[in-house]
Enquirer: 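First, the structure itself, so that you have it in front of you.
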Amino acid sequence: MDRVSLLLVIIGAINWGLIALFQFDLVAYLFGGQAALVSRIIYGIVGLAGLWCISLLFRDREHVKE
């Protein structure tokens, strides 16, 4: 779950970078605009993954299973 969440957060970060640099929202482009249901679901999943990754900051690295 940690790796999937981290991957989704990285994808979200790349999307934000594209928005900042080129004013291009890749998720919206691929799935029919920002208001499209699929885009909103993807934004939500990436947001939940970001929340999950917050827990990585507070874990003891010696006890984390690979």
Side-chain angles (χ1 to χ4, degrees):
M1 183 69 146
D2 293 344
R3 290 181 186 211
V4 172
S5 294
L6 186 56
L7 178 65
L8 289 170
V9 169
I10 291 168
I11 290 169
I14 291 169
N15 193 53
W16 275 109
L18 289 171
I19 292 169
L21 295 173
F22 305 110
Q23 295 181 351
F24 179 71
D25 187 343
L26 182 62
V27 172
Y29 175 77
L30 292 175
F31 298 105
Q34 289 182 336
L37 180 61
V38 176
S39 293
R40 291 176 51 205
I41 290 170
I42 291 172
Y43 294 137
I45 291 171
V46 170
L48 290 172
L51 291 174
W52 180 269
C53 285
I54 291 172
S55 70
L56 298 176
L57 293 172
F58 302 105
R59 290 193 197 164
D60 186 8
R61 289 190 54 79
E62 294 176 11
H63 297 292
V64 176
K65 295 180 182 179
E66 292 291 326

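All figures in this text were calculated on a predicted structure; none of them were measured in a lab. Along the sequence shown, residues carry numbers from 1.
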Enquirer: Enter the distance from L18:CG to D25:CG here, rounded to the nearest 0.5 Å.
Expert: 8.5 Å
Enquirer: Other than W16, which residues form its hydrophobic cluster under the rule that side-chain heavy atoms must be closer than 4.5 Å?
Expert: I19
Enquirer: Shared ILVMFWY cluster between I11 and L48, side chains joined below 4.5 angstrom?
Expert: no
Enquirer: Decide yes or no on side-chain contact (heavy atoms from CB on, under 4.5 Å) for V9 and V46, but give the supporting numbers first.
Expert: CA-CA 6 Å; V9 169; V46 170; 5.6 Å; no
Enquirer: Between S5 and W52, is there a donor-acceptor pair closer than 3.5 Å when you use the side chain of the first and the backbone of the second?
Expert: no
Enquirer: Going only through I, L, V, M, F, W and Y residues with side-chain contacts under 4.5 Å, is there a path from L8 to L56?
Expert: no
Enquirer: Can you name the nearest heavy-atom pair linking A28 to Q34, along with the distance?
Expert: CB-N, 3.6 Å
Enquirer: Could you state the interatomic distance from CD1 (I10) to CG (N15), rounded to the nearest 0.5 Å?
Expert: 14.0 Å
Enquirer: May I ask you to check whether over 12 heavy atoms, not counting those of Y29, lie within 6.0 Å of atom OH?
Expert: no
Enquirer: Should L51 and I45 be counted in the same cluster of Ile, Leu, Val, Met, Phe, Trp and Tyr side chains packed under 4.5 Å apart?
Expert: no
Enquirer: Quick check for you: to the nearest 0.5 Å, what is the distance between D2 atom CG and C53 atom SG?
Expert: 7.5 Å
Enquirer: Treat each ILVMFWY residue as a node, draw an edge where side-chain heavy atoms are under 4.5 Å apart, and state whether M1 and L6 are in one component.
Expert: no
Enquirer: Drop me the distance from L30's CG to S39's OG, to the nearest 0.5 angstrom.
Expert: 8.5 Å
Enquirer: Working to the nearest 0.5 Å, report the span between CD1 of I42 and CG of L37.
Expert: 10.0 Å
